[in-house]
Amino acid sequence: MSDPQPGTLAPGELTVGGMLAAARGERGLSVPEVAQRLKFSTRQIEALEADRYASLPGAAFVRGMVRSYAKLLGLDAAPLLGALEGRVGADTVEMAPRDMSVPFPAERGPGSRVYVLASMLLVLAVAVILAEWFLRSQRPAEPATPAAVAPPAAEALPPPGAPAPTEPIPVHTPPSAQPAAAPETADNRAAKPAPAAASPTAGVAPVRDVAQPDAPSAPGPVPPGKSRVTLEFEQDSWVEIRDARDEVIFASLNRAGTRRVIHGVPPLALVIGSASGVRLSFNDAPVALKPSAQSDVARLTLE
């Protein structure tokens with residue numbers, strides 16, 4: 001009898017999913033516990049153990065699940081992956097590196113030469129501006145030049161032979177001859193400048209404005225016909241959300257300290273790993289996860 005071909009199982013042998021399920025049962029683990037540890041959804045673990053590969057995202061995803069599952073159970077992943085060949089389709093994802101070439105045209109016509117010349121002139125102008133700014137910043141500040149003091153004007157001297165100027169003789173007027181002060185009238189009182197009133201804030205230091213913290217922005221409107229699910233993660237958690245058509249609208253491993261907002265057509269079916277470290281809101285109303293949590297994996301439907 002010839003040996004079985006690679007990727008096939010002999011009659012009576014367990015499938016890849018069956019071997020994983022049997023090893024899990026021997027170690028006393030449940031499907032939710034495995035899903036929590038591997039950060040996959042329970043439906044994905046059940047599909048893998050039932051060999052329903054078509055319901056999983058792809059061949060590469062299935063191989064990654066098998067490797068992680070085998071490592072968790074302490075199994076050698078190589079025989080499992082060998083038995084998996086031919087049972088899942090091959091992915092055709094191209095991993096070509098991104099083109100990092102400079103987007104110049106292939107043919108260097110007159111336009112390309114003008115573009116290159118303009119670029120060089122622009123770079124040269126920027127270099128000249130930076131060099132001038134650097135030289136100015138390194139130049140010492142010039143001392144302020146004192147204002148020129150104008151020489152005193154020369155006194156005009158009388159011409160030779162002219163008589164010396166006579167100083168005026170002061171005339172003293174008796175107090176009785178001095179004009180009397182005008183009596184104070186209403187017009188005089190109105191004409192007098194009012195004394196400057198002391199400012200009530202004089203001598204008081206100005207109060208500096210204190211910036212107030214920005215108020216939290218209000219959540220935007222919910223799209224018509226949909227509901228909003230808000231998830232705040234205090235620890236790493238895997239979350240899967242399905243909408244009314246049983247289609248996955250969100251499936252991701254979320255890191256601690258992040259926040260997710262998902263809109264979908266209700267009813268929405270949620271599977272949340274590490275539920276004790278997740279805060280859930282449905283249409284901005286908090287939802288308790290502990291009543292729905294089993295082995296720290298929450299399963300609930302929001303309508």
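Only this structure's heavy atoms are used, side chains among them; waters, hydrogens and symmetry mates stay out.
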Just wondering, do S237 and R255 contact through their side chains at under 4.5 Å, heavy atoms?
-> no

Who pairs with F40 by ring-ring contact (aromatic ring centres under 6.0 Å, His included), at least two apart in sequence or on another chain?
-> F61

With N283, which residues qualify under side-chain hydrogen bond (donor to acceptor under 3.5 Å, both in side chains), at least two apart?
-> none

Other ILVMFWY residues reachable from V222 by side-chain steps of under 4.5 Å = none

If you link ILVMFWY side chains whenever their heavy atoms are less than 4.5 Å apart, which other residues fall into the same cluster as L253? By chain and number, please.
-> W238

Which residues satisfy the side chain to side chain contact (heavy atoms under 4.5 Å, CB included) test with A244, sequence neighbours excluded?
-> V265, P267

Under the salt bridge (charged side-chain N to carboxylate O under 4.0 Å, His left out) rule, collect the residues that match up with E46, sequence neighbours excluded.
-> none

Mind checking salt bridge (charged side-chain N to carboxylate O under 4.0 Å, His left out) for R245 and listing every partner two or more places apart, or none if nothing turns up?
-> D243, E247

Report the residues that fulfil side-chain hydrogen bond (donor to acceptor under 3.5 Å, both in side chains) with R27, sequence neighbours left out, ordered by chain and then residue number.
-> none

Contacts of Q36 meeting side chain to side chain contact (heavy atoms under 4.5 Å, CB included) (sequence neighbours excluded), chain-then-number -> S274, D296, V297

Salt-bridge criterion met for E33 and R37 (N-O under 4.0 Å) | no

Listed by chain and number, what are the salt bridge (charged side-chain N to carboxylate O under 4.0 Å, His left out) partners of R242, not counting sequence neighbours?
-> E240, D246

Considering residues at least two apart in sequence or located in another chain, which fulfil the salt bridge (charged side-chain N to carboxylate O under 4.0 Å, His left out) criterion with R67?
-> none

Partners passing side chain to side chain contact (heavy atoms under 4.5 Å, CB included) against L302 (at least two apart in sequence or in another chain) = V229, L270, L280, F282, V287, L300

May I have the step-by-step check of side chain to side chain contact (heavy atoms under 4.5 Å, CB included) for R260 and V239, ending in yes or no?
-> CA-CA 10 Å; R260 300 282 189 176; V239 176; over 6 Å; no

